[in-house]
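Report on the following structure.
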Amino acid sequence: MDVPEEVGEAGEAPDAPVGPVAPAAPAATTGSAEGPGHSEGAGQSGEPGQSGGAGQSEEPAAPRPRRRGRTALLLAAAVVLGLVGGACGGYLVQADREPTKLPPLSQPVVKQAKGEAEPLSAAEDRRLRTDGDLRKLLLPRPKGTRDVVSEGGGDGWLDLADFAETYEEPDEVFGDLITDEYRRGAVAGWRTGTTSSVEIHLVQFRQEQAMAAVTHADDGHYWAEEESNTRSWAIPGTGDGMAYVHDSPEREAGYLPVYTAEAHAWRGDIAMDIWVYDTRPISKEKIMDLAKRQVGRL
């Protein structure tokens, strides 16, 4: 046949418009437009004109972008006409209305109150109490006890680095405290006899971004409840403050067993932590008394 040879020599069959004049032209155009896979299939079927034309490239040509249909153009034209028509209609409606009167610029003068505002008392202004010396809010050390505070510089203050050292992973906690906007801390502790000791922390946060005091107290609740054989009670006047007594002691070879109790609560921007250690079981009354009295001072 002569038709395939003419198509192969031209080499432009894929780009030429398909016309209804010659019946062989659509077959040649279809084989070229469907890509290299169909060209090889056509060569295997015995049509030499499809397997190796004079103008055919070795690498397949990149597919052309999909042709944009007339529907999109019609929709775009309709949107433009709708916007123009809506703007014209709105202008005509507004032009027929009477102008709205504007309010007068001068307003009645409000009389200023006389006298000076009385500042809140220390009992009413919680900020006044907590912005002072934080160490004064700690429970005083009972008479007949020994001071056993080892954290910080021994003056009752607990800076960021010293407070991070009270955790098992101080490096990680140090970064967390910076994120939580740690402001300052105060510590107090004492020992009764040779077996019992108490330690209290008051931790204050700036709380410009988040309620970090609540988060700190929640962390204390979480770890306290992880201990087995633990009893707990709500601390009155705190909302979610809790006191815990761990009835199973910590044992280590060469040392007496150590029983622990703890309490965690928060008030405003201050979080409270209390720990009690003893070689004998600790009563609920002891930890609850410490917790209620310390919360009362906040």
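Atom OG1 of Thr215 and atom CE of Met211 lie 8.5 Å apart (nearest 0.5 Å). Note that CD1 of Ile274 is 12.0 Å distant from NZ of Lys286, once rounded to the nearest 0.5 Å. Residue Glu227 holds its CD atom at 6.5 Å from CD of Glu250, rounded to the nearest 0.5 Å. Note that CD of Gln294 is 11.5 Å distant from CG of Asp289, once rounded to the nearest 0.5 Å. With rounding to the nearest 0.5 Å, the separation of CG in Leu202 from CG in Leu298 is 5.5 Å. Rounded to the nearest 0.5 angstrom, His201 NE2 and Leu138 CG are separated by 9.5 Å.
Salt bridge Arg206/Asp269: absent, no basic N to carboxylate O contact under 4.0 Å.
Counting heavy atoms from C-beta outward, Arg141 and Asp147 have side chains that approach closer than 4.5 Å. Side-chain contact check for Pro236 versus Met288: some heavy-atom pair is nearer than 4.5 Å. Contact of the Glu181 side chain with the Glu208 side chain is registered, since non-hydrogen atoms from C-beta on lie closer than 4.5 Å. The shortest distance between side-chain heavy atoms of Trp190 and Ile200 falls below 4.5 Å. Taking 4.5 Å as the limit, some side-chain heavy atom of Arg297 sits within range of a side-chain heavy atom of Pro140. In this structure, the side chains of Asp273 and Trp275 come closer than 4.5 Å at one or more pairs of heavy atoms. Looking at Asp176 and Glu172, their side chains come closer than 4.5 Å, going by heavy atoms from C-beta outward. At a threshold of 4.5 Å between non-hydrogen side-chain atoms, the residues Ile270 and Leu134 count as touching.
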### Task
Please report the C-alpha distance between Asp247 and Tyr259 in whole Å, then the side-chain angles of each, then the deciding distance to 0.1 Å, and finally whether the side chain to side chain contact (heavy atoms under 4.5 Å, CB included) criterion is met.
CA-CA 7 Å; Asp247 293 324; Tyr259 292 87; 5.8 Å; no
### Query
Are Thr238 and Lys292 close enough, and set up right, to give a side chain to side chain donor-acceptor pair (under 3.5 Å), and what steps lead you there?
CA-CA 9 Å; Thr238 60; Lys292 289 189 292 185; over 6 Å; no
### Message
Run the side chain to side chain contact (heavy atoms under 4.5 Å, CB included) test on Leu158 and Tyr182 for me, step by step, so that the C-alpha distance in whole Å, both residues' side-chain angles and the decisive distance to 0.1 Å come before the verdict.
### Response
CA-CA 11 Å; Leu158 200 61; Tyr182 181 92; 4.2 Å; yes
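A donor-acceptor pair shorter than 3.5 Å cannot be found between the side chains of His264 and Tyr244. For the residue pair Trp266 / Asp240, a side-chain donor-acceptor distance below 3.5 Å is found, with atom types taken as modelled.
Remark: side-chain polar atoms of Thr166 are not paired, donor with acceptor, to backbone N or O of Asp162 under 3.5 angstrom. Using a distance-only test at 3.5 Å, with no hydrogens or angles considered, a donor-acceptor pair links the side chain of Asp133 to the main chain of Arg135. Using modelled atom types, no side-chain atom of Arg184 and backbone atom of Leu160 make a donor-acceptor pair closer than 3.5 Å.
If you chain together hydrophobic residues whose side chains sit under 4.5 Å apart, Trp233 and Ile282 fall into the same group. Residue Tyr277 is not grouped with residue Val187 when hydrophobic side chains (ILVMFWY) are merged at heavy-atom distances under 4.5 angstrom, including chains of intermediate members. No chain of hydrophobic side-chain contacts below 4.5 Å, direct or via other Ile, Leu, Val, Met, Phe, Trp or Tyr residues, connects Met242 to Val214. Hydrophobic clustering (ILVMFWY, side-chain heavy atoms < 4.5 Å, transitive): Phe174 and Tyr167 are in one cluster. By the rule that hydrophobic residues join a cluster once side-chain heavy atoms approach within less than 4.5 Å of another member, Leu177 and Trp223 end up as members of separate clusters.
Annotation for Ala212 and Asp180: closest pair CB-O, 3.4 Å, computed over non-hydrogen atoms. Taking both residues in full, the closest heavy atoms of Pro170 and Glu168 are given as CD-O, 3.4 Å, listed atom of the first, atom of the second, then distance. Residues Val245 and Ser283 share a closest heavy-atom pair of CG2-O, 4.2 Å. Between Leu139 and Ala188, the closest heavy-atom pair is O-CB, 4.4 Å. Nearest heavy atom pair, residue Gly268 against residue Ala213, reads O-CB, 3.8 Å. Closest approach of Arg251 and Pro257 over heavy atoms only: NH1-CB, 3.8 Å.
Heavy atoms from other residues, nucleotides or ligands lying under 6.0 Å from CZ of Arg231 number more than 12.
With respect to Thr230, the side chain to side chain donor-acceptor pair (under 3.5 Å) criterion is satisfied by exactly one of His246, Glu225, Glu262: His246.
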